[in-house]
Amino acid sequence: MSQSKFPAGWDEERVQRVIAHYESQSEEEALAEDEAALESPTETLMEIPNDLVPAVRELISRRGSGGR
């Protein structure tokens, strides 16, 4: 069986915590989280064509901190 690969700083425990967080959210909590993200002064949400997603991911990974 092959090992799962996680990004730097991530492990199975962290993945499970993230899954539990999103699975336990109510619709209202999820909406509030999404709306807060739209108002973030440090991040930008944008639509890009699907065929450009790999290039954008590569640029983010080169930044070294996963874009944050």
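Throughout, numbering of the chain's residues begins at 1 and tracks the sequence. A quick note: this is a predicted structure, and the numbers were derived from the prediction, not measured.
In terms of the side-chain contact (heavy atoms from CB on, under 4.5 Å) criterion, residue partners of Q16 (sequence neighbours excluded) are, by chain and number, E12, I19. Residues meeting the side-chain hydrogen bond (donor to acceptor under 3.5 Å, both in side chains) test with E23, sequence neighbours left out: none. For E58, the salt bridge (Lys or Arg N to Asp or Glu O under 4.0 Å) partners two or more places apart in sequence, or in a different chain, are R62. Listed by chain and number, the residues in a side-chain hydrogen bond (donor to acceptor under 3.5 Å, both in side chains) with E13 are R17 (sequence neighbours excluded). For E28, the salt bridge (Lys or Arg N to Asp or Glu O under 4.0 Å) criterion is met by no residue, not counting sequence neighbours. With sequence neighbours excluded, the residues that form a side-chain contact (heavy atoms from CB on, under 4.5 Å) with P7 are W10. In this structure, the side-chain contact (heavy atoms from CB on, under 4.5 Å) partners of S40, at least two apart in sequence or on a different chain, are T42, E43.
Residues in residues 29-41 take part in no salt bridge (charged side-chain N to carboxylate O under 4.0 Å, His left out) pair, two or more places apart or across chains.
Around the CG atom of N50, the shell of radius 6.0 Å holds no more than 12 heavy atoms that belong to other residues, nucleotides or ligands.
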Checklist line | Test side chain to side chain contact (heavy atoms under 4.5 Å, CB included) applied to V53 and R57, step by step | finding: CA-CA 6 Å; V53 170; R57 286 183 175 155; 3.6 Å; yes
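Residues L59 and M46 do not share a hydrophobic cluster, clusters being chains of Ile/Leu/Val/Met/Phe/Trp/Tyr side chains in contact below 4.5 Å. Cluster annotation: I48 is not connected to L45 through the hydrophobic network of ILVMFWY side chains, with a link wherever side-chain heavy atoms come within less than 4.5 Å.
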